[in-house]
Amino acid sequence: MNSAPILELHDVHYRWPGRASFALNVPDFAVRAGETVLLLGESGSGKSTLLSLICGTVTAQSGVVLVQGENLAKLTAAGRDRFRAEHIGVIFQQFNLLPFGSVLDNILLPLRFAPERRARVADPKTQAEQLIRSLGLPAELVQARAGKLSVGQQQRVAAARALIGNPSLIIADEPTSALDAATQATFLELLFAQSRANGTSLLMVSHDARLADHFDRVVEMSQIVRMQEVVT
Ligand code: ADP
Ligand code: MG
């Protein structure tokens, strides 16, 4: 695959404010358009921090993070929020659904803050219903309260919310860690079928090497992170 990168990091340095004991240094890392990548690393190795840098919820002290060629550091904080809403689907470790909202409300939520993403689909409600079906959820669940669903169902709703409006990049933070092995495999197959159908790139982080077979490429955190002496 030779397609252009959807995501590039160059010489990125990040430290959490007030935390001298951890530093994330990424000399070079890229994900190509349409590629599915699993990034493996132990707990505490900086996987979630890296995803926060890619989402633009935190900004690197130095270096460049490009998403679709856009340098996130050059945007204002509000601009980064808007850019994320328009172009990145996010599946959080804890799913972060609104428990009192319906399944449909939760899936449509990202479109509220993203007019371009909203405009990419003719009818968002129809796409939400299609996603529910293709992710293996019963159609009548659209009106159910998200907080009433099982963990496996909530996770599929979180996936549908990331996929709605066809963002070019989906990032997922250990989204299968709460599921048993069989449910994990089904979930990944459904997520992959949906992202492949849209040509979406997928970057998932996990500590679980058993997920590797599903992905185009598997990368270890230790391969992309440069270790440095941390003075404490
Ligand atoms: P992983 O996702 O691989 O488990 P994290 O990125 O969550 O790793 O954590 C890497 C380091 O950054 C840890 O030392 C963790 O304590 C620290 N860290 C993570 N999130 C925050 C935060 N919001 N504020 C301060 N330190 C944080
Ligand atoms: Mg994490």
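The first residue of the sequence shown is numbered 1, and numbering continues consecutively from there. Predicted, not measured: the structure shown is a model, and the values here were computed from it. Whatever order the structure lists ligands and atoms in, that order sets their numbers, starting from 1.
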Inset, instruction - Could you tell me if any non-hydrogen atom of His207 lies under 4.0 Å from any atom of ligand 1? - result: no
Legend entry - Atoms in ligand 1 flagged as close to Gly46, the criterion being non-hydrogen separation under 4.0 Å: 1 (P), 3 (O), 5 (P), 6 (O), 8 (O), 10 (C)
Inset, instruction - Specify the protein heavy atom at minimum distance from atom 7 (O) of ligand 1: its residue, its atom name, and the distance to 0.1 Å. - result: Ser48 CB, 3.7 Å
Legend entry - Test item: Ser62 and Val12 side chains (from C-beta on) under 4.5 Å apart, heavy atoms: no
Legend entry - Closest protein heavy atom to atom 4 (O) of ligand 1, given as residue, atom name and distance to 0.1 Å: Gly44 N, 2.7 Å
Legend entry - Ser177 and Gln93, any side-chain heavy atoms less than 4.5 Å apart: yes
Inset, instruction - State which residues pass salt bridge (Lys or Arg N to Asp or Glu O under 4.0 Å) with Arg145; sequence neighbours excluded, sorted by chain then number. - result: none
Inset, instruction - Could you grab the protein N, O or S atoms closer than 2.8 Å to the Mg ion (ligand 2) for me? - result: Ser48 OG
Inset, instruction - Say whether Gly41 and ligand 1 are in contact under the criterion: heavy-atom distance to a ligand atom below 4.0 Å. - result: no
Inset, instruction - Considering the heavy atoms of Ser43, write down every atom of ligand 1 situated less than 4.0 Å from one of them. - result: 4 (O)
Legend entry - With sequence neighbours excluded, residues passing side chain to side chain donor-acceptor pair (under 3.5 Å) with Glu86: Arg82
Inset, instruction - Just let me know how Lys47 lines up against ligand 1, side chain, backbone, both or neither, with a heavy-atom cut-off below 4.0 Å. - result: both
Inset, instruction - Compare all side-chain heavy atoms of His214 with those of Leu38 and state whether any distance is below 4.5 angstrom. - result: no
Legend entry - Gln61 vs Tyr14 side-chain heavy atoms within contact, under 4.5 Å: yes
Inset, instruction - State which residues pass salt bridge (Lys or Arg N to Asp or Glu O under 4.0 Å) with Arg156; sequence neighbours excluded, sorted by chain then number. - result: none
Inset, instruction - Any atoms of ligand 1 less than 4.0 Å from a non-hydrogen atom of Arg19? List them with their elements. - result: 14 (O), 15 (C), 16 (O), 17 (C), 25 (C), 26 (N)
Inset, instruction - Please examine the side chains of Ile224 and Leu39, heavy atoms only from C-beta on, and report whether any two atoms are closer than 4.5 Å. - result: yes
Legend entry - Close side-chain approach of Ile54 to Leu169, heavy-atom, < 4.5 Å: yes
Inset, instruction - Report, in ascending order of atom number, the atoms of ligand 1 lying under 4.0 Å from any heavy atom of Glu42. - result: 3 (O)
Inset, instruction - Test side chain to side chain donor-acceptor pair (under 3.5 Å) on Gln127 and Asn166 and set out the steps. - result: CA-CA 10 Å; Gln127 194 193 20; Asn166 311 338; 2.8 Å; yes
Inset, instruction - Provide the number and element of each atom of ligand 1 under 4.0 Å from a heavy atom of Thr49. - result: 5 (P), 6 (O), 9 (O), 10 (C), 12 (O)
Legend entry - atom 18 (N) of ligand 1: nearest protein contact (heavy atom, Å): Trp16 NE1, 3.2 Å
Inset, instruction - For residues Ile88 and Pro167, determine if any side-chain heavy atom of one lies less than 4.5 Å from a side-chain heavy atom of the other. - result: no
